[in-house]
Structures are given as structure tokens and as C-alpha cells.
Protein chains: 2
Amino acid sequence: MEKYYPLLQNTPLFKGILPENFESMFKCLSAKTKSYEKGEPIMLAGEDVKNVGIVLEGKIQIQKDDINGERIILDELGAGGIFGEVFACAGIEKSPVTVYSIFPSEILFVDYRKIITLCPSNCSFHSMLIRNMLMLIAQKNIMLNSKLDIISKKTTREKLFAYFKAQAKKTGTKMFELPFSRDELADYLCVNRSAMSRELCKLRDENFIEFEKRTIKILKWPFRS
Amino acid sequence: MEKYYPLLQNTPLFKGILPENFESMFKCLSAKTKSYEKGEPIMLAGEDVKNVGIVLEGKIQIQKDDINGERIILDELGAGGIFGEVFACAGIEKSPVTVYSIFPSEILFVDYRKIITLCPSNCSFHSMLIRNMLMLIAQKNIMLNSKLDIISKKTTREKLFAYFKAQAKKTGTKMFELPFSRDELADYLCVNRSAMSRELCKLRDENFIEFEKRTIKILKWPFRS
DNA sequence: ATAAATCTGTTGCATTTGCAACAAGGAGAG
DNA sequence: CTCTCCTTGTTGCAAATGCAACAGATTTAT
């Protein structure tokens with residue numbers, strides 16, 4: 001467990017809390033760790049969520065299963081990522097999402113009631129935890145808004161550019177790696193894969209972009225900036 | 001100001017705080033009120049956001065202005081509604097959204113730094129305020145997810161049904177009033193208005209729904225539940 | 001009361017998209 | 001190496017959609 005302390009120290013949730021307090025804190029929070037294999041579900045939609053999860057190792061994917069059986073990728077988290085905290089704070093008991101381990105992963109679970117409730121012993125880290133949680137959720141909120149920005153576009157072309165623009169802004173360059181396969185990207189943008197593929201090639205033919213595998217290079221923007 | 005105390009008492013942000021503490025609390029929080037006419041902007045995109053706003057009277061609309069000049073309605077708030085709190089908690093200085101008063105409105109502004117920072121005098125309401133804020137933002141988060149659910153649908157028909165389903169669940173009946181004009185609804189669903197109008201009529205002709213003006217009545221569901 | 005503005009439905013048309021099926025290339029397993 | 005699976009691009013076609021323009025109805029302003 002101690003080997004993850006440097007990681008946890010830089011985690012948004014535990015930022016500002018001294019590592020020497022971790023052991024007593026985890027005890028107070030009833031923290032537990034669990035291992036998952038690649039492809040194994042960590043949390044299923046409809047299950048009770050009593051814990052906040054923190055990825056110590058590996059990679060997970062948060063998905064939403066549609067009525068029609070379609071899969072929507074909401075997020076992908078590596079080491080340091082946190083999930084389940086929104087339902088915790090919103091008072092939602094049943095998970096509306098499914099979380100899968102897409103690499104062999106090690107997850108730290110924390111009882112969320114113990115995070116938001118000040119303990120009798122009045123531990124010093126509690127107000128910091130809550131403050132951190134606030135920022136965490138607010139920023140996730142911003143991310144959701146960004147995704148809405150992209151999905152709100154009417155055409156596939158506009159969605160692609162909106163997504164590319166966000167990625168370019170994130171990485172600071174006009175050439176970047178997609179974190180998705182084509183299939184997953186289409187899911188993310190909520191469009192048909194083959195239609196998206198077609199549009200990508202059109203954009204290439206019109207000299208807007210170049211791409212090879214997951215590498216995208218922006219040559220020019222269609223609208224202003 | 002005192003006339004709004006009953007309203008504020010039932011506001012998510014101030015819930016659990018006794019009205020007799022309101023005056024001293026507002027003083028501590030540097031709270032101010034301001035009036036707006038119908039159509040007047042309350043907060044423009046790009047402006048500094050230093051305050052959290054609470055609607056005391058009237059109605060406001062939160063919009064996002066697209067690069068292409070398209071308008072996306074993110075939310076509509078009546079008395080008791082709160083806005084700007086997400087940017088506050090996420091540490092974002094410049095507002096990415098525009099807020100308009102769509103009725104003559106009275107807005108209460110609170111310096112958000114004073115909400116999340118425990119004051120020297122250690123007021124009793126501060127930890128409650130932060131806890132309330134946490135739930136507020138987490139629930140807004142959930143709402144964004146719900147909207148994503150709707151927008152993520154590929155066809156206009158699916159979007160309409162996803163939206164209707166959410167409204168039906170909200171009101172608990174199969175007949176409800178739309179909070180939008182057709183134009184606004186199309187904006188909300190991110191589809192072309194005339195195409196949506198066409199689809200609505202198709203649904204009527206296929207006996208899925210009945211509608212008159214803003215009243216929608218669901219006759220049957222296309223898929224399960 | 002009259003005029004102007006807004007809301008809603010309608011229609012034709014070009015374009016986009018979803019869908020399904022197939023093919024080429026590459027990665028990984030045995 | 002060979003076989004299988006996965007990823008990606010390709011294509012034809014029917015259906016959906018965006019767009020623009022128009023008309024009737026309703027609301028609002030003067």
C-alpha cells in the first residue's frame with residue numbers, strides 16, 4: 001500500500017494531505033483495495049454504490065448502457081483516477097453506470113459516507129477532503145459540459161472538429177494521439193463508425209487533416225480559430 | 001430582502017441554515033442583490049465570475065454561444081435557482097456561459113471565495129454551506145449526465161422520446177407541459193426545428209403521441225418502458 | 001384597432017447519416 | 001507459419017436531416 005503514497009499525494013482527492021497521515025486516515029475511512037483483471041467489471045449499473053473508487057494501477061472505463069443496448073463511453077481513467085464520487089455526493093444509491101477494468105487494475109475503495117461526515121475524533125484532514133471533493137466534482141462538471149459542447153454539434157464533421165479542437169487545446173499541439181480506437185471514437189461522438197470513417201477521409205482529401213492510425217495532424221481549421 | 005427568507009430557506013444552498021442567521025451570514029458573505037429587466041444579460045461569456053448567483057424572483061436562461069453563432073440552451077432557472085457555483089468551485093475565472101434574464105428578475109450575488117473559505121470567526125453555517133454546495137454540484141452533474149443521455153441519441157425520434165421519457169418521469173404522468181417553445185426544444189435537442197416539427201407530426205400520425213401547443217400526451221412507448 | 005413580430009407547421013431538395021456487408025491489413029495465439 | 005480476431009476503410013442504398021422559404025395562426029406592441 002505504501003508504494004502508492006506518492007501517487008495518492010498527487011491525487012485531486014488527497015492533495016494537501018500529508019503522507020504521514022495516510023495510514024490513520026485510511027483506517028478512519030474504512031479504505032480497502034481490490035484487484036481486477038482485464039475486462040472484469042468493477043461496478044455494474046443498478047448495483048449499490050457505497051464506495052468511492054480510486055485507481056491505483058491499471059486502467060478503467062466508465063460506460064453507460066443504453067436501452068437499445070448501445071454502449072456509450074463516458075470516461076477512461078488511469079492511475080490516480082477517481083470514480084463514483086458524484087453519486088456519493090448527490091445521494092444516489094444505485095449506480096447508473098458500469099465500470100470495467102480494461103487493464104489489470106488495483107482499486108482503492110473508500111466509504112463515501114465517512115468522507116462527507118465529520119468523524120467524532122474531528123480529524124484534521126476531513127475539511128480538506130471535502131474541499132478537494134468539491135473541486136473534483138466541479139471540474140468533472142466542466143468536463144461534462146465540454147463533452148456536451150462536442151456532442152451538441154449537428155454534423156459529424158463539426159463534432160470531429162470540436163473534438164479535435166479540444167484535444168489540440170489539451171495537448172497544446174496540432175498533432176496528437178487519439179485515446180480511442182475508431183470504434184470508440186464513434187461511440188464517444190455518438191455517430192456511426194463507418195460514417196465517421198467516411199468523413200475522416202473526406203477531411204483528409206480536403207486537406208484539413210492528416211492521420212495515421214491514432215495520430216491526427218490538423219492542417220487547417222474550417223471556421224475561424 | 002427579508003421577504004425572500006422563506007424562499008431561501010428552501011434553497012438547496014441554504015437548506016438547514018436558520019433564517020435568524022441569514023442577516024449575519026449575508027454580511028459575512030458580502031451578499032448583494034441586483035435587478036434585471038427582461039432580456040437583459042446577467043453574466044456574459046468571457047467575463048470574470050466572482051459571484052454565485054441565486055434567483056430571488058423572475059426567470060433566467062443559461063446559454064452557450066457556439067463558434068458558429070448557434071445558441072445552445074443549457075438550463076432555465078426560476079426563483080430559488082442558483083448559477084455560477086460550478087465555475088466558482090472548479091476555480092474557473094472566466095465564464096464560459098452567458099446568462100440572460102428572460103423575465104424581470106431579482107438576483108442575489110454571493111462572493112464564492114467567502115463560501116468555500118472558512119472565515120476567521122468560524123461561523124457555524126460554513127460547513128453546512130460547503131456540504132450543501134457539494135450536493136448541489138453533484139446533482140447538477142447528474143442532470144448533465146441526463147442531458148447527455150438525450151443528446152447522445154442518434155435520431156431525432158430517439159431524442160424526442162428520451163426527452164419525453166425524462167419529462168414523464170419527472171412529472172409522474174404521461175401528459176405534461178413542455179418548458180420550451182418548439183424553437184427552444186429543437187435547440188435543446190440539438191436538431192433542426194423544422195425536422196423536429198416533421199418528426200413530431202409523424203409521431204402523432206403513428207399514434208405515439210398527441211400534442212397541442214406545449215402540452216404533450218404520450219400514448220405508447222416505441223421501445224420497452 | 002391595426003400593424004408588426006413570433007410561433008408553428010409544411011414542403012422541396014440536396015446532403016448527410018445509419019446500416020449492413022465486405023475487404024485489406026495487422027496483431028496475437030497456438 | 002497459419003489461423004483467427006480485431007481494426008479500419010469502402011461502398012450502395014434507403015432513410016433521416018438540415019436548410020430555406022413560405023403560410024396560417026397567435027401574440028405583442030403601438
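Chain identifiers are assigned alphabetically (A, B, ...) following the order of the sequence lines, protein sequences preceding nucleic acid strands; residue numbering begins at 1 within each chain.
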Can you tell me how far P of C:dT8 sits from CZ of B:Phe211, to the nearest Å? 10 Å
Residues 133-141 of chain B side chain polar contacts: donor-acceptor under 3.5 Å, at least two apart:
residue  : atom : partner  : partner atom : Å
B:Gln139 : NE2  : A:Ala90  : O            : 3.3
B:Lys140 : NZ   : B:Ile82  : O            : 3.4
B:Lys140 : NZ   : B:Glu85  : OE2          : 2.9
B:Asn141 : ND2  : A:Ile137 : O            : 3.4

Check every atom of D:dT17, C:dT17, C:dG9 against the side chain of B:Ser197 and return the nucleotide holding the closest atom. C:dG9
Atom CG of B:Leu203 and atom P of D:dA16: how far apart are they, to the nearest Å? 11 Å
Value in whole Å for how far the P atom of D:dT10 lies from CG of A:Asn192: 15 Å
Can A:Ser35 and A:Glu106 be said to form a side chain to side chain donor-acceptor pair (under 3.5 Å), step by step? CA-CA 5 Å; A:Ser35 303; A:Glu106 188 81 13; 2.6 Å; yes
With sequence neighbours left out, the residues meeting side chain to side chain contact (heavy atoms under 4.5 Å, CB included) with B:Ala31 are B:Phe26, B:Leu108, B:Val110
Regarding the side chain of A:Ala195, the nearest nucleotide among C:dT10, D:dT17, C:dG18 is C:dG18
Test side chain to side chain contact (heavy atoms under 4.5 Å, CB included) applied to B:Arg198 - qualifying residues, sequence neighbours left out: B:Ser194, B:Ala195
Contacts to DNA chain C from residues 174-182 of chain B, heavy-atom cutoff under 4.0 Å, which residues? B:Ser181, B:Arg182
Sorted by chain and residue number, the ring-ring contact (aromatic ring centres under 6.0 Å, His included) partners of B:Tyr5 (sequence neighbours excluded) come out as B:Phe22
Nearest heavy atom decides the nucleotide; on that basis, is B:Leu200 or A:Lys202 closer to the 5' end of DNA chain C? B:Leu200
At under 4.0 Å between heavy atoms, which parts of nucleotides 22-30 of chain D does protein reach? Answer with one letter per nucleotide, 5' to 3': B base, S sugar-phosphate only, - none. ---------
Determine which pairs satisfy salt bridge (Lys or Arg N to Asp or Glu O under 4.0 Å) with at least one residue from residues 204-218 of chain A, sequence neighbours left out, and list them in order. A:Arg157-A:Glu206
Closest of C:dT17, D:dG18, D:dT10 to the A:Arg198 side chain is C:dT17
If only side-chain N and O atoms of B:Thr156 are considered, is one of them under 4.0 Å from the OP1 or OP2 phosphate oxygen of D:dT17? yes
So the salt bridge (Lys or Arg N to Asp or Glu O under 4.0 Å) pairs with at least one residue in residues 92-105 of chain B (sequence neighbours excluded) are B:Asp48-B:Lys94, B:Glu93-B:Arg113
Which residues pass the side chain to side chain contact (heavy atoms under 4.5 Å, CB included) test with A:Pro41, not counting sequence neighbours? A:Leu44, A:Tyr100
Spacing between A:Asp187 atom CG and C:dT17 atom P, to the nearest angstrom: 17 Å
Partners meeting ring-ring contact (aromatic ring centres under 6.0 Å, His included) with A:Phe208 (sequence neighbours left out): A:Phe161
Using side-chain heavy atoms (C-beta onward) and a distance below 4.5 Å, is B:Leu200 in contact with B:Arg182? yes
A:Glu199 CD to D:dT10 C1': how many Å, rounded? 15 Å
Under the rule for ring-ring contact (aromatic ring centres under 6.0 Å, His included), what residues qualify as partners of B:Phe180, not counting sequence neighbours? B:Tyr188
Let me check the geometry of the helix from C:dA1-D:dT30 to C:dG30-D:dC1. What is the bend angle between the axes at its two ends, five pairs each, to 10°? 50°
Nearest to side-chain heavy atoms of A:Ser194, which nucleotide of C:dG18, C:dC19, D:dA16: C:dC19
Length of the NZ-P vector between A:Lys153 and C:dT16, whole Å: 18 Å
Under 4.0 Å between any heavy atoms, over every strand shown, what does B:Lys159 touch: base, sugar-phosphate, or nothing? Just pick one. nothing
Rounded off to whole Å, could you give me the CE-to-P distance for the B:Met196 and D:dT17 pair? 12 Å
Is there side-chain contact between B:Phe83 and B:Val97, with heavy atoms separated by less than 4.5 Å? no
Could you give the CG-to-P distance, from A:Leu185 to D:dT8, as a whole number of Å? 10 Å
